[in-house]
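Inspection log for the structure reproduced underneath, given as structure tokens.
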Amino acid sequence: MPEDLTFQILDVSYEVEAGRPVIEIWARDDKGRRIVLLDDSFRPYFYALLEEGQDPSAVSAAVRRLSKPRSPITGVDLVEARYFGRPVKALRVQTVIPETVRDYREEVAKLPGVKEVLEADVRFSIRYLIDKNLYPMRWYRASGERVQRNDFVVDAVYKLSSDLAEEPSLADVDPLEGLRIMAFDIEAYNPQGSPNPSRDPVVVIGMAFNDGEKVQLQAKGHDDKDVLREFVELVRRKDPDIIVGYNQNSFDWPYLLERAKVNGLKLEVGRKRGAEPSPSVFGHISVQGRLNVDLYNFAEEIEEVKVKSLDEVADYLGVMPKDKRVNIEWWKIAEYWDSPERRGLLLAYNVDDVTSTLGLAYQFLPFGAQLSQISGLPLDQVAAASVAFRLEMRFMREARKLGELVPNRKEEEARAFETYTGAIVLEPKPGVHKDVAVLDFASMYPSIMVKYNVGPDTLLKEGERCERENQAPGVGHRFCADRPAFFRRVLERFLKWRAEVKAAMKKYPGGSPQYRLLNERQRAIKVLANASYGYMGWAAARWYCKGCAESVTAWGRELITKAVSIARSLGLQVYYGDTDSLFVANEPEKVSRLIEEITKGLEFDIKVDKVYSRVFFTEAKKRYAGLTADGKIDIVGFEAVRGDWSELAKETQANVAEIVLRTGDVRKAIEYVKAVINDLRSGKANVEKLVIWKTLTKGLDEYEAEAPHVYAARMMEKLGFKVDVGSKIGYVIVKGEGPVSRRARPYFIVKPTEIDYNYYIDKQVVPAALRILELFGVSERELKSGARQASLFDYLGKKGG
DNA sequence: TCCTTCTGCTTACC
DNA sequence: ACTGGTAAGCAGAAGAC
């Protein structure tokens, strides 16, 4: 008896059973049950694009002859489709076992009459989602027949007996409502720098659940067998739908897997018997039937936070203030574990970490769930995927709806490295300026793409003609305007959808759960739409189109240049501009006219983004600081907002900027800097504030030059720490002879007395302060000489009085 | 050996 | 491994004398 089911799709996987693939839809239903729906009717396939004028039946016969018994070719059908907007003929080649598509692809590609093999590189479970038009995290209805299966650890397993239909009444329900979330974090014993999983045990595992329960497992001395066993047991008992961690794809899971192996255990934490977590796409680790989400992936997208450790990110997001938690240096974990007095601190540290992780989940997952609902990638993958992949997934779905064949992903090396001209940055007018309005074009690049119908399918080749054409200025590319471009269709849909969501938001009070849900949704749409330009210029993109990207920036340059001319013709002073922004004198009437002329004349939307009551520029582009009308200080581009300067230099510069902007009192700023210098001279500075952080962008042996952070990283390696591409190296400069790089040390091995304070004065604090003060004629000598016995305390005292 | 210029490297802006 | 170009600025390397 088939049952009617209403359920939310969480993930999709497949397994080959008895020589045929079975799709497994992991879901939870409206009764709160965790269920699996099986579909054994779906088969892998790909397309063979035919050369023009080819006899399809001859090619078809040749394809059929390739069939092998293990996975026979079960269908070769001629289809009329479109490829880059143009009508084409292709053969749809179907087989049985997904893994064999790869072999057939190679052989079919070699057949005479076959121009290209398409869509053979789309993974089978994703193929299913695309073809059935299913979006993870959304709700569907279907009927299914209950089957008895004890290889699945779920409440019920069904064999699908109908198609899935989206359930519109549940479209605006919070997709996370009712889902079980588990955060976890392990502490590994590390007596020699970085822990080695083949040797060092897991000493603590912390787990926090969204039902409020918290559990902490501890090793017995240096034996972690029971910890691992209890961990598996707990995961299965609490049965979370979503497992979150911080960097668990690179650390916790691989470590646990290795420890399980060493202990002769199996890490059966999935919803399928016998299955252990396993590496999947995008460096992601997949846990069968659960969504394993590495929150570090979301943290990476916050550019305001430079050092993306869990404590920093949690602090920034207000999840857990840094000064209200236990912080211990991670390389001392073994020391804490072995010390009876300090072990408690390690345990508290672990609790804070896992609590922060769950807190981060509440911050990030609502957005992630929307990205999943919109892009069509399962939540665990959408987190790990790049912005371009998320967009591409949606493109593939749209292509299918339009009967367009999906181009192949190209190997980046296969294309010649080609760059093109980008945006314009206007020369800033140095000095302090009062009352400056910042105008911003709304979504400039997507708007250009829509207006001029830009896309690989509308880009005209030499000699091709269309009735209506748009020609990009300067670069010459022409785009056919007779039919809507593929990108345009998708972008227009996004724009319309976003407008609807924003309209719906108005019905709810700000801060209400429904408001927040819709807000995350409109944000996710915006993020995807804004990625479209960069996507076209990405050499590995399926819809790569250098000419398109080049044309978009050309129109962008024309647009901002015209806007500047209009501003000048209105008598408006232009101070600066970058890509799609314009800093002009805030004369309301003229600004309104400027906006009107751009909106009506150039047909692009532009609006006042913010107003600075004071803003200053040096001669450098991409750097300025301003005081907004509501009293906030903005610092853009300067050292104060860079991650590769010491905290002390950044803080000094930020304070100098603030003093100058708020009071206009340069003397005060000079006195302040002098006080900082004096503190340094007397060795009063806090070592933590002197650490300089830099990222290793390649392997240690690939560096040509011996930069300070490379030197410090080599030293760390010798000390037993694992340093990799992407590692953030924190170093300080110590006293001594020779180049700076040779005097760089990992910050945690340095005593305050060893620090070269002069380096910090000459190369950090003074240059950072001078970057701003130079504008007012202040010299280096002035800052460093006449060292008055003032301290920061004196300065603050004066400020107060 | 001193000084300048170039290159490598990293990270900001949009 | 995984969107684009533009730009600043440090430190080291190479070139100039």
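Given the structure is predicted, the values throughout are model-derived calculations rather than measurements. In what follows, chains are A, B, ... by sequence order, proteins preceding strands, each numbered from 1.
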**OP:** Using a heavy-atom cut-off of under 4.0 Å over every strand shown, decide if A:V636 touches base, sugar-phosphate, or nothing.
**Re:** sugar-phosphate
Subject >> Length of the CG-C1' vector between A:D580 and B:dC14, whole Å >> reply: 6 Å
Original post:
Any idea which of B:dT11, B:dC14, B:dC9 is nearest the A:D644 side chain?
Top reply: B:dT11
Original post:
Picking from C:dG12, B:dG8, B:dC14, which would you name as closest to the side chain of A:E704?
Top reply: B:dG8
Original post:
Heavy atoms under 4.0 Å, any strand shown: does A:K546 hit a base, just sugar-phosphate, or nothing?
Top reply: nothing
Original post:
After noting the C-alpha distance and the side-chain angles of A:N292 and A:W253, does the key distance pass the side-chain hydrogen bond (donor to acceptor under 3.5 Å, both in side chains) rule?
Top reply: CA-CA 10 Å; A:N292 171 51; A:W253 283 126; 2.9 Å; yes
**OP:** Among the candidates C:dT3, C:dG5, C:dA8, find the nucleotide nearest to the side-chain atoms of A:W538.
**Re:** C:dT3
Original post:
Using a cut-off of 4.0 Å on non-hydrogen atoms, how would the nucleic acid contact of A:R771 be classed: base, sugar-phosphate, or nothing?
Top reply: sugar-phosphate
Subject >> Nearest-angstrom distance from the residue atom CZ of A:R557 to C1' of B:dC14 >> reply: 15 Å
Original post:
NA contact type, A:E303, heavy-atom cut-off 4.0 Å: base, sugar-phosphate, or nothing?
Top reply: nothing
**OP:** Check whether any side-chain nitrogen or oxygen of A:T421 sits under 4.0 Å from OP1 or OP2 of C:dG5, and answer yes or no.
**Re:** no
Subject >> OP1 or OP2 of C:dA11 under 4.0 Å from side-chain N/O of A:K694 >> reply: no
**OP:** Pick base, sugar-phosphate or nothing for A:G534, based on heavy-atom distances below 4.0 Å to the nucleic acid.
**Re:** base
Subject >> Nearest-Å distance for atom pair CD/P, residues A:E702 and B:dC9 >> reply: 10 Å
Original post:
What's the closest nucleotide to the A:Y420 side chain, out of C:dG5, C:dA11, C:dA8?
Top reply: C:dG5
Subject >> Atom-to-atom span, NE2 of A:H284 to P of C:dC2 - whole angstrom >> reply: 17 Å
Original post:
Do A:E780 and A:L783 come within less than 4.5 Å of each other through their side chains, counting heavy atoms only?
Top reply: no
**OP:** May I have the distance from A:E301 (atom CD) to C:dT3 (atom P), rounded to whole angstrom?
**Re:** 11 Å
**OP:** Answer yes or no: does a side-chain N or O of A:Y624 lie under 4.0 Å from OP1 or OP2 of B:dC14?
**Re:** yes
**OP:** Check every strand shown and say whether A:V740 touches a base, only sugar-phosphate, or nothing at a heavy-atom separation below 4.0 Å.
**Re:** sugar-phosphate
Original post:
What nucleic acid atoms does A:F441 come within less than 4.0 Å of, heavy atoms only: base, sugar-phosphate, or nothing?
Top reply: nothing
**OP:** Determine the contact category for A:T553: base if any of its heavy atoms lies under 4.0 Å from a base atom, sugar-phosphate if only primed atoms, P, OP1 or OP2 are that close, otherwise nothing.
**Re:** nothing
Original post:
With a non-hydrogen cut-off below 4.0 angstrom, is A:Y703 in contact with a base, only sugar-phosphate, or nothing?
Top reply: sugar-phosphate
Original post:
Going by atom types only, do A:Q381 and A:H284 share a side-chain donor-acceptor pair under 3.5 Å?
Top reply: no
Subject >> Candidates B:dA12, C:dC2, C:dA11 - which lies nearest the side chain of A:K622 >> reply: B:dA12
Original post:
Between B:dT11, C:dG9, B:dC9, which nucleotide gets closest to the side-chain atoms of A:E639?
Top reply: C:dG9
Subject >> Protein-nucleotide distance (A:Y544, atom OH; C:dG4, atom P), rounded to Å >> reply: 9 Å
Original post:
Which one, C:dA11, B:dC14, C:dG5, comes nearest to the side chain of A:T579?
Top reply: B:dC14
**OP:** Nearest-nucleotide wise, let me know which of A:W645 and A:S386 is further upstream toward the 5' end of DNA chain C.
**Re:** A:S386
**OP:** Please report, rounded to the nearest Å, how far the C1' atom of C:dC2 is from the CZ atom of A:F395.
**Re:** 16 Å
**OP:** Have a look at A:Y711 and say if it touches a base, only the backbone sugar-phosphate, or nothing, with a 4.0 Å heavy-atom cut-off.
**Re:** nothing
**OP:** Send over the distance from A:L391 CG to C:dC2 C1', rounded to a whole Å.
**Re:** 13 Å
Subject >> Sole candidate of A:K650, A:Q764, A:R771 that passes side-chain hydrogen bond (donor to acceptor under 3.5 Å, both in side chains) when paired with A:E639 >> reply: A:R771
Original post:
Taking the side chain of A:T695 as heavy atoms from C-beta outward, which of B:dT11, B:dC13, C:dA7 is closest to it?
Top reply: B:dT11
**OP:** Say whether, by atom type as modelled, one donor and one acceptor occur between the side chain of A:E404 and the main chain of A:F84 under 3.5 angstrom.
**Re:** yes
**OP:** Between C:dA7, B:dA12, C:dA8, spot the one nearest the side chain of A:R623, thanks.
**Re:** C:dA8
Original post:
With respect to the side chain of A:V641, which nucleotide from B:dT11, B:dC13, C:dA7 is positioned closest?
Top reply: B:dC13
**OP:** Give one of base, sugar-phosphate or nothing for A:A423, where a contact means two heavy atoms less than 4.0 Å apart.
**Re:** sugar-phosphate
**OP:** Verify the distance criterion only: is there a donor paired with an acceptor across the side chains of A:D634 and A:Y612 at less than 3.5 Å?
**Re:** yes
Subject >> A:Q573 side chain vs A:A585 backbone, donor-acceptor pair below 3.5 Å >> reply: no
